[in-house]
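None of these values were measured; they are calculated from a predicted model. Count residues from 1 along the sequence.
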Amino acid sequence: TALASGCAPHLGDSEAALALEDIATGILPSRLKAQTPRPARRTVAYEIDGRLRKGDFYISPEGASAGIVLVPGVVPAGKNDRRLVSLAKTLARLRFAVLIPDIEGLLKYLVRKIDIKIAEDAFRQLKSRPELQFQDSVGIAGFSYGAGPVLLAALEPSIQDAVEFVVVLGGYYDLRTTVTYITTGYHRGTSVSEWQRRDPHPYALQVFTLSNSDLLDRPRDRAALGRYAREMHDGDIINSATTPTNLAPDAQAFLALLTNKDPNRIPMLIRGLSPRIRSELAGIDPASHDLSRYRADVIIVHGRGDNIIPFTESVALARALPNNKAHLYLIDGFAHVDMGLERNDIPRMLRVMEQLLEYR
């Protein structure tokens with residue numbers, strides 16, 4: 001997911017202000033749209049080391065001075081999500097070349113280790129495009145559950161030294177604490193060791209269930225847990241779904257994690273999952289990797305009221321990165337990755353945009 005469309009306040013006359021206004025207005029008229037030509041959007045196919053990929057490429061008729069890969073979260077429309085398309089067009093108007101890779105798994109609510117390689121390949125493709133006029137100013141951004149693969153893609157040897165900046169919006173750092181929150185509602189505070197509780201949005205548990213039930217051994221168990229996931233979520237309401245029965249041991253272990261409400265049992269329950277599920281979880285878990293090697297600057301934006309991924313995940317991420325690489329912005333008016341700025345958020349969001357524009 002990306003920034004949402006809506007009504008924009010008058011934020012000032014700077015380029016950063018025009019950018020934020022354009023993001024907030026979506027497809028509606030804005031001052032930036034009036035002052036810049038319409039970006040071109042086209043689907044591109046490319047091959048990286050024998051791997052066939054495709055994605056949507058955006059560029060202004062005036063060219064580009066920097067580039068950015070956008071990796072969405074788990075949304076049914078994927079790269080065609082209207083908010084993501086709107087954001088890509090705003091960035092293209094600002095003279096960023098934009099590539100959004102097609103990640104088919106995310107369309108099916110599947111978050112996988114392979115997403116890291118897809119993000120890495122998209123970066124290599126964007127960096128190499130002959131029509132672009134930039135050399136060094138290329139970055140990569142991830143939203144929500146797309147943040148983990150993006151953070152880890154930037155550590156891949158083929159691109160580590162080339163990634164100039166990373167943007168993470170509403171993302172996670174530690175999958176164990178993220179799973180604790182979405183299953184029990186408990187998360188750690190920013191400066192205390194005791195648990196704090198806030199009701200999680202049911203969509204987060206549904207995504208986690210659908211993504212990992214697909215890794216169960218028996219087709220009947222995959223189908224049963226899939227039905228369970230779809231029954232449990234209805235808009236903003238969590239339903240009393242029928243608990244599956246007669247499950248194989250790997251499915252029983254996964255269901256035990258889903259239905260547990262004690263945050264202190266989460267580590268044991270994760271250790272009890274099948275090797276296949278544990279391998280996939282570890283593969284997309286930034287906390288399982290050494291982030292002290294980060295070369296790129298990392299802009300981290302998170303809403304304090306986020307009830308899909310708690311903002312404390314971004315606080316933990318900033319602490320895990322080298323001190324001079326993490327730039328953390330906590331925003332009151334963000335609902336996960338949908339923007340609804342409050343007055344006191346405006347200076348912070350202007351600074352986010354100003355910092356991004358510095359990479360051109």
Side-chain angles (χ1 to χ4, degrees), residues 1-26 30-32 35-36 65-70 83-84 86-96 98 136-144 147 150-151 154 163-171 173 190 294-306 309-360:
T1 46
L3 298 174
S5 300
C7 297
H10 187 80
L11 304 174
D13 298 318
S14 68
E15 188 179 23
L18 296 181
L20 285 182
E21 177 191 278
D22 194 57
I23 291 170
T25 55
S30 72
R31 290 179 292 167
L32 184 65
Q35 296 172 15
T36 56
S65 302
I68 186 168
V69 173
L70 301 182
R83 299 163 299 180
L84 192 64
S86 178
L87 176 61
K89 290 180 177 179
T90 296
L91 292 171
R93 291 180 185 279
L94 296 167
R95 304 289 296 274
F96 283 88
V98 181
D136 299 319
S137 298
V138 186
I140 185 168
F143 306 91
S144 185
V150 160
L151 285 163
V163 180
E164 196 69 17
F165 61 95
V166 174
V167 181
V168 174
L169 198 156
Y173 166 63
T190 57
Y294 241 79
R295 174 189 176 277
D297 292 327
V298 185
I299 302 172
I300 308 166
V301 183
H302 212 126
R304 290 184 183 274
D306 193 332
I309 299 175
F311 77 92
T312 47
E313 286 299 305
S314 284
V315 174
L317 171 61
R319 290 173 175 167
L321 291 164
N323 288 337
N324 63 334
K325 295 300 180 183
H327 307 272
L328 175 63
Y329 300 90
L330 299 179
I331 308 299
D332 292 328
F334 261 43
H336 193 44
V337 293
D338 288 337
M339 185 171 69
L341 294 183
E342 298 182 9
R343 186 174 299 276
N344 62 326
D345 293 327
I346 291 174
R348 286 191 289 271
M349 283 307 300
L350 286 173
R351 180 57 193 140
V352 170
M353 187 55 65
E354 289 166 355
Q355 187 172 359
L356 184 60
L357 292 173
E358 289 172 2
Y359 294 110
R360 289 178 307 179

Decide yes or no for [X] and [Y]: does some side-chain heavy atom of the first lie under 4.5 Å from some side-chain heavy atom of the second?
X    : Y    : answer
R31  : D13  : yes
D345 : R304 : no
L18  : R93  : no

Q: Go through the steps to decide whether I346 and L20 satisfy the test side chain to side chain contact (heavy atoms under 4.5 Å, CB included), and finish with yes or no.
A: CA-CA 9 Å; I346 291 174; L20 285 182; 5.8 Å; no

Q: Count the heavy atoms of every other residue, nucleotide or ligand shown that sit under 6.0 Å from CG of N323, and state whether that count exceeds 12.
A: no

What are the two closest heavy atoms between [X] and [Y], and how far apart are they?
X    : Y    : value
F96  : L357 : CE1-CD2, 4.1 Å
A17  : G12  : CB-O, 3.5 Å
G26  : S86  : CA-OG, 3.3 Å
S137 : S65  : CB-O, 4.1 Å
G171 : A147 : CA-CB, 3.6 Å

Q) For Y329, which residues count as a ring-ring contact (aromatic ring centres under 6.0 Å, His included) partner, sequence neighbours excluded? A) none

Q) Is any side-chain N of the basic residue among K89 and D22 closer than 4.0 Å to the acidic one's carboxylate O? A) no

Q: Using side-chain contact (heavy atoms from CB on, under 4.5 Å) as the criterion, list what pairs up with V166, not counting sequence neighbours.
A: I140, V150, L151, A154, V163, V168, Y294, A296, V298

Q | Residues which pass side-chain contact (heavy atoms from CB on, under 4.5 Å) with A88, listed by chain and number, not counting sequence neighbours | A |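 Result, side-chain contact (heavy atoms from CB on, under 4.5 Å) vs A88: Y58, L70, V98, I100.
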
Q: Fit a plane to each ring of Y359 and F165, take the angle between them on a 0 to 90° scale, and name the class: parallel (under 30°), tilted (30 to 60°) or perpendicular (over 60°).
A: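 Y359 and F165: parallel rings.
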
Q: Would you check, one step at a time, whether the test side chain to side chain contact (heavy atoms under 4.5 Å, CB included) holds for E21 with L32?
A: CA-CA 8 Å; E21 177 191 278; L32 184 65; 5.9 Å; no

Could you tell me the separation between the [atom1] atom of [X] and the [atom2] atom of [Y], rounded to the nearest 0.5 Å?
X    : Y    : atom1 : atom2 : value
D297 : H327 : CG    : NE2   : 4.0 Å
L328 : R348 : CG    : CZ    : 10.0 Å
S144 : D306 : OG    : CG    : 7.5 Å
F311 : L317 : CZ    : CG    : 14.0 Å

Q. When you measure from the side chain of H302 to the backbone N and O of I309, does any donor-acceptor pair fall under 3.5 Å?
A.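 Such a contact is found between H302 side chain and I309 backbone.
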
Q | Heavy-atom donor-acceptor pair, Q355 side chain to I299 backbone, under 3.5 Å | A | no

Q: Check each of V352, L321, L330 against I300 using the side chain to side chain contact (heavy atoms under 4.5 Å, CB included) test, and report the only one that passes.
A: L321

Q: Test R360 against every option in E354, E15, E164 by the salt bridge (Lys or Arg N to Asp or Glu O under 4.0 Å) rule and name the one that passes.
A: E15

